Each structure stands twice: as structure tokens, then as C-alpha cells.
Amino acid sequence: MLALKLLSAAAIPLALDKAERYRLLNQPWAAESICLDILNTDPGNQKALQVLLLARTDQFGSESAGAASRARETLSHFTGEYERAYYGGIICERRARAQLEKRTPGASQNAHEWLTEAMALYERAEAIRPVDDDDAILRWNSCARLLNDSPHIAPREREMIEPMIGE
């Protein structure tokens, strides 16, 4: 196994810029790799964790196995309650959208569950948001619009189980 080279602390700001650029170029795996290098040098770097989480959620729906579990693992390293709630909502919202793109049986119901969870997390983030930061409201509204405009995204129907009459 090859040993990874350590990034210098002075290179972190430019590396973060590069990671964000790779996300914009739709190369989330490259952004993920850069963020991992940054975190290897500075394990608590919150900006690198944010970009890493977003890069991992960019891979939902692709052939990247384990992107959702890697995104959830990243979330556990956030230090702020607001960030954990907000980015937890991002994970759920993006999982919902990935489900909808798959168009497999049950995808609409799965998406409804993920969107509902995302909205609850956004509401939690909204309650503790920093002054002048309405990102959680914007995301909540995005989920609400998707649900309002897509009647096929509905909760699962509950099966009515009738009791068996014994002999």
C-alpha cells in the first residue's frame, strides 16, 4: 500500500478553493480526495468537512457505493449543532432527489420519507441559525416546493391488517 504524502498547513486555503472548483466541475471524487488530504493535515477543519460532505452527497445516485454512509460519517465530525442539523438535512434532501432519479418501485415513497426528515432537520437548524443566515429556510422551501409540485411523492400507504378469526 502506498503511503500518502502530507499536505502543508500553508497550502490548505488554496486546496479548499481547488476542492470547491472540482465540485463545480462535477468531479466530486477529486474534491473528496483533496478534502481528505486537508483533514489529514488539519483534522478539525470545518470548511473542509463541509466541502467533503457536499462532495460525498454529490455522488448519491451514481455508482459510488457507500457515499451515503460516508456522508453520515462526515457529519459526526461537525462541531456545531447548527451545522449538524443543516448538513444532516442536506444529506436527507439529496438522498431523496437521488431516489427520484432512480425511478425504481417505491422510490417516491422513499423520497417522501427522506424529504420529511430533511425538513425536520432544516427546522431544527432554523431555530438555532446564526443571525442573517436563512439557508435552512431556503432548503426547507425547496423541499416544500418539490412536495407541492410532485403529487406522486407521497407517504407509504399503511396496510390494514385484519385480525384472523381463530377456531
Side-chain angles (χ1 to χ4, degrees), residues 7 9 12-62 64-102 107-150 153-156:
L7 186 68
I12 289 175
L14 288 175
L16 275 169
D17 288 344
K18 191 173 298 268
E20 289 176 328
R21 199 168 313 120
Y22 276 115
R23 280 197 63 238
L24 293 174
L25 291 171
N26 199 25
Q27 295 181 10
W29 60 91
E32 181 177 8
S33 179
I34 292 168
C35 289
L36 291 172
D37 288 336
I38 293 167
L39 292 166
N40 199 24
T41 298
D42 181 8
N45 189 307
Q46 295 296 291
K47 183 63 178 173
L49 287 167
Q50 291 171 5
V51 176
L52 176 62
L53 184 137
L54 293 172
R56 287 176 168 173
T57 62
D58 288 341
Q59 297 174 63
F60 289 177
S62 71
S64 179
S69 62
R70 289 193 319 272
R72 282 193 308 276
E73 190 277 327
T74 304
L75 187 63
S76 70
H77 297 285
F78 283 76
T79 57
E81 176 86 21
Y82 168 79
E83 288 78 11
R84 283 192 300 275
Y86 178 76
Y87 286 99
I90 293 282
I91 291 170
C92 294
E93 180 182 357
R94 289 185 172 194
R95 286 195 76 180
R97 292 180 186 276
Q99 283 288 311
L100 292 171
E101 288 177 14
K102 286 184 181 180
S108 294
Q109 292 80 16
N110 291 338
H112 186 275
E113 291 172 9
W114 285 116
L115 288 168
T116 302
E117 186 172 343
M119 293 171 81
L121 287 163
Y122 291 143
E123 285 180 337
R124 187 180 326 157
E126 178 188 356
I128 57 174
R129 73 186 185 274
V131 177
D132 296 333
D133 184 344
D134 286 346
D135 288 350
I137 293 170
L138 296 172
R139 297 284 6 121
W140 191 95
N141 286 345
S142 176
C143 293
R145 282 189 185 92
L146 180 58
L147 289 171
N148 290 341
D149 296 342
S150 308
I153 303 174
R156 292 186 201 289

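None of the values given here were measured: they were computed from a predicted structure. Only heavy atoms go into these numbers, but all of them, side chains included; no hydrogens, no water, no symmetry mates.
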Task: Side-chain heavy atoms of L53 within contact of R56, under 4.5 Å - done: no

Task: Partner residues of R95 under the salt bridge (Lys or Arg N to Asp or Glu O under 4.0 Å) criterion, sequence neighbours left out - done: none

- [ ] Kindly say whether A48 contributes a backbone atom to a donor-acceptor pair with the side chain of N45 at under 3.5 angstrom?
- [x] yes

Open item on the list: Check this for me: does any side-chain nitrogen of one of E20 and R23 sit under 4.0 Å from a carboxylate oxygen of the other?
Closed with: no

Open item on the list: Rounded to the nearest 0.5 Å, what separates atom CG in L49 from atom CG in D42?
Closed with: 9.0 Å

- [ ] For the pair T57 (side chain) and L54 (backbone), establish whether a donor and an acceptor sit closer than 3.5 Å, ignoring hydrogens and angles.
- [x] yes

Open item on the list: With no hydrogens and no angle check, just 3.5 Å: does a side-chain donor-acceptor pair link Q109 and Q99?
Closed with: no

Task: Donor-acceptor contact below 3.5 Å, side chain S33 vs main chain W29 - done: no

- [ ] Check for a donor-acceptor pair, side chain of R94 on one end and backbone N or O of F60 on the other, with a separation under 3.5 Å.
- [x] no

- [ ] State whether a side-chain donor-acceptor pair under 3.5 Å links S142 with R97.
- [x] yes

Task: Results of salt bridge (Lys or Arg N to Asp or Glu O under 4.0 Å) for E123 - residues two or more places apart only - done: none

Task: Between Y122 and D135: side-chain donor-acceptor atoms closer than 3.5 Å - done: no

